[in-house]
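Step one of this worksheet: look at the structure below.
Numbering of ligands and ligand atoms starts at 1, following listing order. Computed from a prediction, not measured in an experiment: that's the story for all the values here. The basis for the numbers below is simple: all heavy atoms, side chains too, and nothing from hydrogens, waters or symmetry mates.
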Amino acid sequence: MTEVKQPPLPTEEQLSKEFKEYSVAEFFKRNRQMLGYSGKVRSLTTIIHEAISNSLDAAEEAGVLPDIYVEIQELPDGHIKVITEDNGTGVPKKNIGQAFGKLLAGTKFHQMKQKRGQQGIGISYAVLFSQLTTGKNTHVKSGIGDHKVYECDLAIDVKSNSPVIINEKEYSKNYRGIRIEFEFSEVTYNRSEYSVYEYLRRTALANPHCQITLVEPNKEVIVFPRAVKEVPAKPKAVQPHPLGITTSDLIEMAHASTSRKIASFLTSEFSRFSADKVKEIATLIPDVNFDRAPRALTWPEAEKIVNTIQKLKWIAPETDAMIPIGESHIEKSLKNLLQPDELKVIERKPKVFRGGIPFLVEAAIAYGGKAGANIGGQTKAEVLRYANRTPLLFDAGSCATMEAVKNIDWNRYDLKDWENQPISIFINLVSIHVPYTGAGKMAVSPEDEIVQEMRNAIMDCARQVSIYLHAMQKAEEQEQRRQIFFKYIGEVAEALHDITGKPQKDLQDKLRKIAEKRTALMEAMDEEAEKAEVEDLDEEAEKEIQDE
Ligand SMILES: Nc1ncnc2c1ncn2[C@@H]1O[C@H](COP(=O)(O)OP(=O)(O)OP(=O)(O)O)[C@@H](O)[C@H]1O
Ligand SMILES: [Mg+2]
């Protein structure tokens with residue numbers, strides 16, 4: 001056998017030469033699809049989504065009714081110019097660079113508050129996308145309501161993920177909010193089902209306290225008017241619940257804590273952690289000293305604490321920091337927009353997922369009227385998916401909402417062919433931490449507890465629609481029955497008149513009375529049967545929920 005000659009192995013120097021560091025901006029520059037920048041229509045919708053969700057968060061933070069302006073212009077060179085403006089908190093001059101010119105920087109990531117934004121990437125990446133596709137800077141105007149306005153042009157230094165600010169100016173004027181002007185290529189404006197138009201329509205639907213104006217490239221002005229004048233409650237920060245904490249979280253929090261002892265760190269930085277609970281844990285793991293400084297907490301100790309936490313009974317997490325849209329507002333919004341023949345809205349009680357993260361589900365089904373989507377001239381069912389009132393327009397296939405909708409036995413609700421019916425199914429997931437499937441934040445991870453709650457909520461609504469459909473069907477049958485009776489009354493009266501010689505009109509009146517009595521009796525019987533059927537449906541659904 002001849003020996004195969006192996007090539008020499010790479011040297012240490014050659015291997016080391018290949019190691020390079022790069023910034024988060026460089027990473028997303030190469031992986032734009034991860035943030036929703038794939039396809040020309042979707043990319044434009046993503047830009048608007050990032051700007052508008054920040055505007056709504058900022059209006060909530062400021063405690064004002066949001067006034068949002070969006071303008072899309074088609075420029076002669078084929079670029080698209082986007083202008084957005086809001087009346088939120090604004091951003092202080094010294095933080096403009098971090099807010100708009102640095103990825104993974106912002107005011108939301110570290111706070112346990114119900115917000116649309118979570119990551120500190122959204123708007124900064126839109127700024128970078130503008131730069132990457134047109135080479136232009138983004139213009140930002142900001143005011144925090146202190147009679148000063150700040151304007152600048154900015155770009156992102158990709159290598160260092162840091163802002164580059166030029167053309168700064170400051171002047172005095174009464175202004176509060178943010179105005180952004182940026183240019184893009186590789187984007188298109190239209191009114192398709194994944195468009196900016198549809199995104200704003202859905203935003204208006206779940207945010208009836210908001211006024212949105214859209215100026216389209218052809219200068220058409222569309223206003224989604226404010227339907228309610230109450231400012232939603234301001235989101236409040238909560239502390240983490242012990243059951244939702246991992247060893248790594250515990251270590252990180254302990255090492256950053258200013259508490260003197262591990263015991264006081266636990267009681268002061270977690271919700272539901274009483275001094276008695278610390279004692280209970282301490283007796284179960286006597287080798288951990290809870291009087292030591294939290295900075296000295298080791299991984300094995302933290303792991304023991306977390307494992308013991310899982311074995312104890314805890315009061316459920318606080319749920320009052322969650323702000324749903326509310327049944328009456330959803331009802332108003334859907335009635336306004338869809339004018340459905342039947343509508344059922346439900347707000348479920350708060351639940352927890354992953355042991356300690358609270359969430360709640362609001363859902364509605366609208367049937368008939370303008371409900372459903374018109375796709376190629378055909379009416380189809382539509383699922384209006386939301387997380388913290390933000391529309392989820394893409395990635396439906398991997399979303400908890402669709403998993404819930406698909407797992408329902410629609411036959412049971414007389415909606416066998418539901419996908420081809422005039423139905424709008426509305427689902428909003430409310431949580432301080434929405435478990436998105438990706439950094440693009442367009443789908444909710446199908447956690448068991450979340451899917452189950454969504455399913456129960458939709459089933460509650462479907463039951464009501466089924467009752468309505470039954471009633472409609474019965475009314476139609478009764479009408480047909482009546483028509484048949486009355487059709488023959490004339491002929492029967494004529495025959496009787498020939499036999500008895502009695503006046504035809506008297507005979508007709510008498511026969512009509514008999515027919516009315518008979519149909520009323522049959523209708524009453526129908527109603528009884530109907531009631532029994534609904535009760536069966538309720539019982540069945542309840543049993544199913546209990547079984548699960
Ligand atoms: N319109 C605005 N009004 C007030 N503050 C804003 C506005 N837009 C952005 N900001 C500030 O800039 C920060 C960064 O925004 P960005 O969209 O990049 O991240 P985020 O909203 O925190 O999280 P996400 O990546 O999930 O959107 C925000 O946290 C906020 O403090
Ligand atoms: Mg954001």
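For the pair Val70/Ile52, a side-chain contact is recorded, criterion being any heavy-atom separation below 4.5 Å from C-beta on. With a 4.5 Å cut-off on side-chain heavy atoms, Glu61 and Lys113 count as touching.
Ring geometry, Phe224 versus Tyr197: the interplanar angle falls from 30° to 60°, so the pair is classed tilted.
At a cut-off of 2.8 Å, measuring from the Mg ion (ligand 2), the protein N, O or S atoms that fall short of it are Asn54 OD1, waters left aside.
The neighbour count for Tyr194 OH, taken as heavy atoms of other residues, nucleotides or ligands under 6.0 Å away, does not exceed 12.
A salt bridge (charged side-chain N to carboxylate O under 4.0 Å, His left out) check over residues 42-56, counting only residues at least two apart or in different chains, returns the pairs Arg42-Asp395. Note on residues 151-175: no pairs pass ring pair (Phe, Tyr, Trp, His ring centres under 6.0 Å), not counting sequence neighbours.
A donor-acceptor contact closer than 3.5 angstrom is absent between the side chains of Ser248 and Thr246.
Cation-pi check for Arg30 over Tyr22 is met; the charged atom lies under 6.0 angstrom from the ring centroid and within 45 degrees of its normal.
Note on Arg191 versus Glu220: salt bridge recorded, some NZ/NE/NH1/NH2 to OD/OE distance being below 4.0 Å.
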Taking a 3.5 Å cut-off between nitrogen or oxygen atoms, can you list every pair linking ligand 1 to the protein, with distances?
from     : atom 1 : to     : atom 2 : distance (Å)
ligand 1 : 1 (N)  : Asp86  : OD2    : 2.8
ligand 1 : 8 (N)  : Asn54  : ND2    : 3.2
ligand 1 : 17 (O) : Asn54  : OD1    : 3.1
ligand 1 : 17 (O) : Asn54  : ND2    : 2.8
ligand 1 : 17 (O) : Ile123 : N      : 3.0
ligand 1 : 18 (O) : Gly122 : N      : 3.3
ligand 1 : 18 (O) : Ile123 : N      : 3.1
ligand 1 : 18 (O) : Ser124 : OG     : 3.3
ligand 1 : 19 (O) : Gly120 : N      : 3.4
ligand 1 : 21 (O) : Asn54  : OD1    : 2.9
ligand 1 : 21 (O) : Lys108 : NZ     : 2.8
ligand 1 : 23 (O) : Gln118 : N      : 3.3
ligand 1 : 23 (O) : Gln119 : N      : 3.1
ligand 1 : 23 (O) : Gly120 : N      : 2.8
ligand 1 : 25 (O) : Gly120 : N      : 3.0
ligand 1 : 25 (O) : Ile121 : N      : 2.7
ligand 1 : 25 (O) : Gly122 : N      : 2.8
ligand 1 : 26 (O) : Gln118 : N      : 2.6
ligand 1 : 26 (O) : Gln119 : N      : 2.9
ligand 1 : 26 (O) : Lys441 : NZ     : 2.7
ligand 1 : 29 (O) : Thr107 : N      : 2.9
ligand 1 : 29 (O) : Thr107 : OG1    : 3.2
ligand 1 : 31 (O) : Thr107 : OG1    : 2.5

